[in-house]
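A short write-up of the structure that comes next.
Quick note on labels: first sequence line is chain A, next is B, and so on, each numbered from 1. Source: prediction; values computed, not measured.
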Amino acid sequence: MRYSEMFLPTGREVPSDAELISHQLMIRAGLMRKLTSGVYSYLPLGYRVIRKFEQIVREEMNRSGAQELFLPMVQPAELWQESGRWVHYGKELLRFRDRHDRECCLGPTHEEVITDLVRNDIKTYRQLPRNLYQIQTKFRDEIRPRFGVMRCREFGMKDAYSFDMDEAGAEKSYRKMFEAYQRIFTRCGLRFRSVEADSGSIGGSFSHEFMVMADSGEDAVCYCGRCDYAANLEKAEIARPKIEDADIKNLPMEEVHTPNTRTIEEVCRFLNVTPDAVVKTLIFSADGTAVAVLIRGDHEVNEVKVRNFLGCASLELADEEMIRRVTGSPRGFAGAVGIRSRILADYSLIGMNDCVMGANREDYHIRHVKPGRDFRIGDYADLRMIRESDPCPRCGGEIKFARGIEVGHVFKLGTKYSRSMRAVFLDRDGKEKTMVMGCYGIGIGRTVAAAIEQNHDADGIVWPLPLAPYEVIITPVNINEPALSDAAEGLYRTLSEMDVETILDDRDERAGVKFKDADLIGIPYRVTVGPKRLAEGKMEIKNRRTGEITILPVSDVAPFLSTGIREAGKIEG
RNA sequence: CGGGGCGUAGCGCAGUCCGGUAGCGCGCCUGCUUUGGGAGCAGGAUGUCACAGGUUCAAAUCCUGUCGCCCCGACCA
C-alpha cells in the first residue's frame with residue numbers, strides 16, 4: 001500500500017484521556033478512535049492487526065477440530081429467561097424492546113443461543129462431540145469502561161462451546177482448547193501464563209485463565225518458583241495449616257477500653273500486640289443473610305472464596321444497619337463473642353487461643369479470647385488471600401506475584417445450561433442424557449492491546465511479526481529524487497509480487513518524519529532508500545525490534561526480507 | 001451508583017480567582033527554500049468557549065441546572 005493513499009492519521013501528542021501506554025499508542029499510531037465511552041472504531045491499520053490475530057485464532061481453532069459459525073448479536077429475552085440469566089445477569093446485559101414491544105438484549109455472551117441451536121439439531125450420541133465457535137462482537141454495558149479497548153463495552157471475542165456426552169468427553173474437549181490456546185498465544189509471540197481461575201458456583205478446578213504478563217495488568221496472579229502451579233490471586237489456595245501445639249494459654253477474657261482504635265494498626269499499638277494476634281470479624285451479607293467471617297489481623301479476606309464456600313449468589317460487606325443488628329455496635333468493633341450470626345473462620349485461626357477481638361461494644365476490645373471456649377465457630381475453611389510469604393499449595397515452594405491481562409478463559413460448564421435449557425440426546429441404549437458443556441473465550445481487541453503493552457519502546461509499537469499490520473515499510477529518503485523514488489518503487493513491486501505485505505512511504509515528507517511514523521506504527525522491517533547507499537547499489541534494512549542494520553545490494557533485499565519473514569513464521573507456526 | 005477532576009480550533013493546552021477585542025504550540029492550506037531522525041521563512045483558514053437558563057450595559061469567566069469525558073472503589077474476554 002502507498003502511504004500517500006492510506007487513511008492512517010498518526011499523532012505526536014499523547015491523547016489526554018489515555019492512561020495506558022497501549023491505549024495511547026493505539027490512538028497515536030492511528031489504529032483506532034473512540035466513538036463514545038467504551039466503544040471504538042478500528043481504522044484500517046488497526047483492523048489489519050485484528051484480522052491477523054483472528055486468522056491465527058481461526059487456524060488453531062480449526063486445527064483443534066472446532067467449527068466456525070456465526071450467531072446473532074440481538075437475542076430474545078425468552079432464552080435468557082429459560083437459563084435464568086435474564087434476572088441474574090446484572091446491568092451489564094443491555095436490554096431493550098423492539099417495535100412490537102418484545103424484550104431483547106444485546107449478546108454479552110452466547111451460551112443461550114448456542115444451547116438453543118444445539119438442542120434443536122443434535123439429538124443423538126452419533127452427533128457428539130461437537131465444538132462450535134464464532135468471532136463476534138459482544139456488548140457488555142460495563143460499569144466503568146477504561147483503558148481503551150482493554151475494558152470496553154463493545155468488543156470482539158472468539159467464543160467456543162463444546163458439547164460432549166459425558167464428563168470424560170468434556171474433559172478431553174477442555175484439554176484440546178487449553179492446548180489450542182497455548183498455541184495461539186505462543187504463535188503471537190506473547191509472554192503469557194495459564195493460571196487456575198475461579199470457576200464460580202459451578203465448582204471444580206476446571207477453569208484456566210490465559211494471562212499476558214504486564215505490570216499494567218488488572219489481574220494479580222501468583223506462581224510457584226519451583227513447580228508449575230500458577231493461579232489467579234483470588235483462586236490461589238492455601239493449605240490447611242498443621243496444628244502446632246504451642247503454649248496453650250488459658251487466660252480469662254478481659255474487656256478493655258480502646259478509644260479511637262478502629263484499625264488493626266491502632267489496636268495493635270494500643271494493646272501492644274502484633275497483628276497476627278488479632279482476629280478481624282467481618283460481617284457480610286450473603287444473599288441478605290448476615291455471616292461473620294473471622295480472619296487473622298495480618299490477613300486479607302478473599303471474597304471469592306467466601307462466596308464459593310457459602311454457595312451464595314451475592315456477597316457484600318454488610319451495611320451499618322445489619323452490623324448493628326448482629327453486633328449491637330457500630331462498624332469497627334465487631335467480634336465473635338456473643339454475635340448473632342453464623343460464624344466462619346479461616347484456617348489460620350486453628351490453634352489460636354489468646355487473641356484480641358472487637359467486643360461488639362463501641363470503643364471496646366476483648367483480649368485473651370479463646371475460640372471454642374468463648375464462642376463457637378461454625379466452619380473452618382480457606383477464606384483468605386494468599387500472600388507472598390505463603391508456601392506453594394502444591395509443592396511448598398516459594399510463591400511469586402505478578403500482574404497480567406486476562407486475554408483468554410477456558411471453562412468447564414458442566415450441565416449448567418444444558419440442564420436448564422434441556423439440551424439432551426439419546427445415548428447408545430436409547431436413554432436420554434444431558435449434554436456436558438464447556439465454553440472458551442478469547443478477547444480479540446484486548447489481546448492486541450496486551451501485545452502492545454508487552455511490545456513497545458520510547459518510539460512506539462514494536463509489533464511481533466505475526467501480528468504486524470504490514471511486514472515491511474520502504475522509506476525513500478527524498479521522493480523528489482527520481483533515482484531514489486524509482487528504486488523504492490521497484491522494490492515495492494518486487495515485494496508485492498512475493499506477497500510480502502509492504503507499505504511504500506511515498507509521501508513528500510522529510511526523512512525524519514517518515515522514520516518517526518515508521519517507528520510509531522511498529523513495522524518490523526524498514527528499508528531505507530537513500531542517496532549514499534544507492535550510489536553504491538545498496539539499501540539499508542533496519543530491524544524495528546533490535547535496531548540491527550543490514551546493508552545489502554538492491555537485488556538481495558527482497559529475497560532477504562521474504563525468507564526472513566517466512567523463517568520467523570515457521571518458528572512461530 | 002459513591003468520591004475526585006476536566007470540558008476553549010483536528011490534537012495538546014493557557015485564559016476562568018479578579019466579567020470588557022478568544023489566545024499559544026503542533027497539525028492543516030498557499031508559496032519559496034530545504035531534504036538520513038518530527039525543517040526554515042512568508043502568508044492563510046479554522047471556535048455554538050459542552051448545553052440550557054439566569055445575573056449584568058457586557059459572561060469562556062459569576063450563579064443554577066443538564067450532558068459528556070477521565071481517574072479511584074462494587075466485574076470480566
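Separating the OG1 atom in A:T550 from the CG atom in A:D556 is a distance of 11.5 Å, to the nearest 0.5 Å.
Taking atom P in both B:G3 and B:C62, one finds a spacing of 23 Å when rounded to whole Å. With both ends at atom P, the span from B:A42 to B:C18 equals 40 Å, rounded to whole Å. Nucleotides B:G43 and B:G53 are separated by 41 Å at their P atoms, to the nearest Å. Taking atom C1' on both nucleotides, B:A74 is separated from B:G19 by 44 Å, rounded to a whole Å. Comparing the P positions of B:G47 and B:C6 gives a spacing of 27 Å, expressed to the nearest Å. Taking atom P in both B:G25 and B:C1, one finds a spacing of 43 Å when rounded to whole Å. Separation of the C1' atoms belonging to B:C71 and B:C28 is 32 Å when rounded to the nearest angstrom. Rounded to whole Å, the C1' atom of B:A9 lies 15 Å from the corresponding atom of B:G15.
Taking 3.5 Å as the limit, the base of B:G37 and the side chain of A:K542 contain a donor-acceptor pair of atoms between them. Side-chain atoms of A:E13 and base atoms of B:G38 include no donor and acceptor less than 3.5 Å apart. The base of B:C75 lies outside donor-acceptor range of the side chain of A:R144, with no N or O pair under 3.5 Å. Put simply, the side chain of A:D519 and the base of B:G37 share a donor and an acceptor less than 3.5 Å apart.
If you check B:C57 for Watson-Crick or wobble pairing at under 3.5 angstrom, you find it paired to B:G20. Nucleotide B:G38 forms no Watson-Crick or G-U wobble pair with any nucleotide shown, as no partner meets the under 3.5 Å limit on both distances. Applying the Watson-Crick and G-U wobble criteria (two distances, each under 3.5 Å), B:G43 pairs with B:C29. Searching all strands for a Watson-Crick or G-U wobble partner of B:U66 with both distances below 3.5 Å returns B:A50. Nucleotide B:A9 forms no Watson-Crick or G-U wobble pair with any nucleotide shown, as no partner meets the under 3.5 Å limit on both distances. Figure legend. B:G73 is base-paired to B:C1; pairs are counted as Watson-Crick or G-U wobble with both atom distances under 3.5 Å.
Using a 4.0 Å heavy-atom distance criterion, A:D159 is classed as making no nucleic acid contact. At the heavy-atom level, A:E540 lies under 4.0 Å from base atoms of the strands shown. Within the nucleic acid shown, A:R146 comes within 4.0 Å of sugar-phosphate atoms alone, with no base atom in reach, counting heavy atoms only. Heavy atoms of A:C152 sit under 4.0 angstrom from at least one base atom. Using a 4.0 Å heavy-atom distance criterion, A:R153 is classed as making no nucleic acid contact. Across all strands shown, A:K158 has no heavy atoms under 4.0 Å from either base or sugar-phosphate atoms. Note on A:G443: a base of the nucleic acid sits closer than 4.0 angstrom, heavy atoms only. Contacts of A:V513 with the nucleic acid, taken as non-hydrogen atoms under 4.0 Å apart, include base atoms. Within the nucleic acid shown, A:P108 has no heavy atom closer than 4.0 Å to any nucleic acid atom. The residue A:G530 sits close to a base: some heavy atom pair falls under 4.0 Å.
A salt bridge links A:K34 and A:D17; the closest N-O separation between the charged side-chain nitrogens and carboxylate oxygens is under 4.0 Å. Remark: A:D215 does not engage A:R403 in a salt bridge, criterion side-chain N to carboxylate O under 4.0 Å.
Candidate nucleotides B:A77, B:G37, B:C71 were compared by shortest atom distance to the side chain of A:F147, and B:C71 ranks first. When the nucleotides B:G36, B:C69, B:A77 are ranked by their closest atom to the side chain of A:R533, B:G36 comes out on top. Closest approach to the A:E406 side chain among B:C75, B:C69, B:A77 is made by B:A77 (side chain taken as heavy atoms from C-beta onward). In the set B:G38, B:C75, B:C76, B:C75 carries the atom at the smallest distance from any side-chain atom of A:R307.
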Less than 3.5 Å apart, which donor and acceptor atoms pair up between the side chains of residues 437-452 of chain A and the rest of the protein, not counting sequence neighbours?
{"unit_1": "A:Y440", "atom_1": "OH", "unit_2": "A:S162", "atom_2": "OG", "d": "2.7"}
{"unit_1": "A:R446", "atom_1": "NE", "unit_2": "A:M150", "atom_2": "O", "d": "2.9"}
{"unit_1": "A:R446", "atom_1": "NH1", "unit_2": "A:E406", "atom_2": "O", "d": "2.8"}
{"unit_1": "A:R446", "atom_1": "NH2", "unit_2": "A:M150", "atom_2": "O", "d": "3.1"}
{"unit_1": "A:T447", "atom_1": "OG1", "unit_2": "A:G443", "atom_2": "O", "d": "2.5"}

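For A:S16, no side-chain nitrogen or oxygen approaches OP1 or OP2 of B:C6 to under 4.0 Å. Taking 4.0 angstrom as the limit, A:K91 places none of its side-chain polar atoms (N or O) nearer than this to OP1 or OP2 of B:C1. The side chain of A:T447 places no N or O atom within less than 4.0 Å of a non-bridging phosphate oxygen (OP1 or OP2) of B:A77. Between A:R446 and B:A77 there is no side-chain N or O to OP1 or OP2 distance below 4.0 Å. For B:G27, one of the phosphate oxygens OP1 or OP2 lies less than 4.0 angstrom from a side-chain nitrogen or oxygen of A:R12. Remark: A:S37 is in phosphate contact with B:C70, judged by side-chain N or O atoms under 4.0 Å from OP1 or OP2.
Under the 6.0 Å cut-off for aromatic ring centres, A:F70 and A:Y133 do not qualify, their centroids lying 6.0 Å or more apart.
A donor-acceptor pair shorter than 3.5 Å can be found between the side chains of A:T10 and A:D517. Using modelled atom types and a 3.5 Å distance limit, the side chains of A:D159 and A:Y161 yield a donor-acceptor pair.
Two residues, A:G11 and A:N480, neighbour RNA chain B, and the one matched to the more 5' nucleotide by heavy-atom proximity is A:N480. Each of A:T528 and A:G441 was matched to the nucleotide of RNA chain B holding its nearest heavy atom; the match closer to the 5' end belongs to A:T528.
The stacking criteria are not both satisfied for A:F515 over the base of B:G36, which would need a centre-to-centre distance under 5.5 angstrom and an angle between ring planes under 30 degrees.
Put simply, the side chain of A:R2 does not reach to within 4.5 Å of the side chain of A:R507, judged on heavy atoms.
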message: Working note: A:E218 + A:R151, criterion salt bridge (Lys or Arg N to Asp or Glu O under 4.0 Å); need CA distance, chi angles, decisive distance, verdict.
response: CA-CA 10 Å; A:E218 281 193 273; A:R151 172 170 301 284; 3.0 Å; yes
